[in-house]
Amino acid sequence: MKPLLRIAVQKKGRLAEGSLDLLERAGLGITPAPGALTCRARGLPVELLFVRDDDIAALVMRGVCDLGIAGENTLREEALQAPGSTPLQTVRALGFSRCTLKFAAPANGSVCSVQDLQDKRIATSYPAITAAFLEENGVTAQCVTLQGAVEIAPALGIADAICDLVSSGATLAANGLEAFATVMQSQAVLVRSPKPWDEAKEALLARLLRRMDGVIASRATKYIMLNAPKDAIDEITALLPGADAPTLMPLAGRNDQMAVHAVCRETIFWDTLEALEARGAHAILVLPIEKMMG
Ligand code: ATP
Ligand code: ZN
């Protein structure tokens with residue numbers, strides 16, 4: 001059967017793994033041959049196109065692909081570089097490939113604020129976003145566009161500062177740089193082409209989205225089980241993040257204790273576990289949830 005939906009995903013890089021993992025968990029059934037540029041899914045009438053992340057916006061915009069998974073940063077850069085074109089519609093924020101576009105400059109140097117960038121040279125892979133931010137802040141500077149290795153530009157003497165993607169900040173520190181301003185936060189998003197679709201295509205997207213929502217919801221969601229003293233149950237259930245109605249069960253041979261089971265729809269941090277323990281909870285188990293629906 002002819003594929004109904006064609007999706008552009010990154011071939012290799014920081015978006016690729018998360019994109020394939022999400023689609024696979026949504027039941028696509030994808031086993032790309034090494035080096036393949038396309039792959040037909042076994043589970044749904046979908047074809048994947050493996051491309052560079054920078055090409056995804058244009059492929060979806062032109063309708064070559066119906067959907068694409070790209071970073072918000074590249075989508076904004078593309079949109080700013082093609083003013084007047086219909087912006088792509090973001091159908092879902094996907095929660096992976098999170099990063100922040102930041103300004104950074106050599107630590108203890110003369111540039112440590114946005115105002116200090118006046119008349120300086122800024123290395124970046126995102127010249128349009130950088131220029132728009134500088135304009136909003138009334139600063140005039142020169143952008144030096146580099147596709148990669150932006151962090152070494154100051155050491156090479158070709159820039160005074162950089163505007164680059166940061167996740168942990170380790171790469172900045174390794175290059176003697178310090179971030180001083182945030183331009184934008186980014187994550188992977190699913191975008192669709194602005195062209196109108198027929199009913200079958202819309203129905204398949206709705207089905208795919210329902211499954212993706214299940215995968216995304218189950219990522220942060222955990223099943224928590226613990227035993228707790230009866231007199232602390234209210235306090236303990238109030239500590240469970242995003243749990244609406246916990247199940248309370250008696251414990252055999254322990255009249256002063258109860259078992260609490262709950263689906264937590266928000267991340268459970270170590271701090272929460274420590275707080276639970278401090279209120280007498282014990283035998284605390286946090287389990288992943290594989291799929292969720294309804
Ligand atoms: P390509 O060969 O596809 O052009 P690339 O080198 O431009 O790849 P990657 O480094 O793989 O791109 O980054 C792809 C996207 O992943 C970025 O546009 C951004 O949205 C996201 N990303 C970049 N850096 C990080 C990071 N440190 N942590 C998480 N996500 C990131
Ligand atoms: Zn790229």
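Numbering of ligands and ligand atoms starts at 1, following listing order. Note that these values count all heavy atoms, side chains included, but never hydrogens, waters or copies made by symmetry.
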Closest non-hydrogen protein atom to atom 2 (O) of ligand 1, residue and atom name please, with distance? R52 NE, 3.4 Å
Relative to the heavy atoms of L15, which atoms of ligand 1 are at a distance of less than 4.0 Å? 15 (C), 16 (O)
Using a 4.0 Å heavy-atom cut-off, say whether R98 meets ligand 1 through its side chain, its backbone, both or neither. backbone
D53, portion touching ligand 1 at heavy-atom distance under 4.0 Å: both
So which heavy atom in the protein is nearest atom 24 (N) of ligand 1, and how far is it from that ligand atom? R14 CD, 3.4 Å
The single option from R192, K195, K201, R6 passing side-chain hydrogen bond (donor to acceptor under 3.5 Å, both in side chains) against D66: K201
Could you pull out, from S125, C99, S167, the option with a heavy atom nearest to atom 31 (C) of ligand 1? C99
According to a 4.5 Å side-chain heavy-atom criterion applied to Ile, Leu, Val, Met, Phe, Trp and Tyr, with indirect links allowed, do I158 and L172 form part of one hydrophobic cluster? yes
Give the atom numbers and elements of ligand 1 that come within less than 4.0 Å of a heavy atom of G13. 11 (O)
Verify the cluster assignment for L205 and I216: are they in a single hydrophobic cluster under the rule of side-chain heavy atoms below 4.5 Å apart? yes
Subset of ligand 1 atoms that lie under 4.0 Å from at least one heavy atom of Q10: 1 (P), 3 (O), 8 (O), 9 (P), 11 (O), 12 (O), 14 (C)
Check ligand 1 against G71 and write out every atom of the ligand that is under 4.0 Å from a heavy-atom position of the residue. 20 (O)
With a 4.5 Å cut-off on side-chain heavy atoms, are T100 and S167 touching? no
Using a 4.0 Å cutoff against the non-hydrogen atoms of T74, which atoms of ligand 1 qualify? 18 (O)
Taking all heavy atoms of E151 and all of D164, pick out the closest pair and write down the distance. OE2-OD2, 3.2 Å
Output the distance between atom CZ (R52) and atom CG (L59), rounded to the nearest 0.5 Å. 12.5 Å
What part of Y126 sits under 4.0 Å from ligand 1 if we count only heavy atoms: the side chain, the backbone, both or neither? side chain
Does V46 share a hydrophobic cluster with L209, counting links as ILVMFWY side-chain heavy atoms below 4.5 Å and allowing steps through other members? yes
Tell me whether F50 is reachable from F96 by hopping between hydrophobic residues (I, L, V, M, F, W, Y) whose side-chain heavy atoms are closer than 4.5 Å. yes
Assigning hydrophobic clusters by single linkage (Ile, Leu, Val, Met, Phe, Trp, Tyr; side-chain heavy-atom cutoff under 4.5 Å), is V9 placed with L37? no
Under 4.0 Å from atom 22 (N) of ligand 1, is there at least one protein heavy atom? yes
Taking only protein atoms, how many N, O or S atoms are found under 2.8 Å from the Zn ion (ligand 2)? 2
Looking only at N/O atoms, are D54 and ligand 1 under 3.5 Å apart anywhere? yes
Inspect the surroundings of CD in E277 and state if more than 12 heavy atoms from other residues, nucleotides or ligands are less than 6.0 Å away. no
Roughly how far, to the nearest 0.5 Å, is the CE atom of M258 from the CD1 atom of I233? 6.0 Å
Quick one: look up the protein heavy atom nearest atom 20 (O) of ligand 1 and list residue, atom name and how far away it is. N73 OD1, 2.7 Å
Atom CG of residue position N108 - does it have more than 12 heavy atoms of other residues, nucleotides or ligands inside 6.0 Å? no
Would you please classify the geometry between the H261 ring and the Y223 ring as parallel, tilted or perpendicular, with 30° and 60° separating the classes? perpendicular
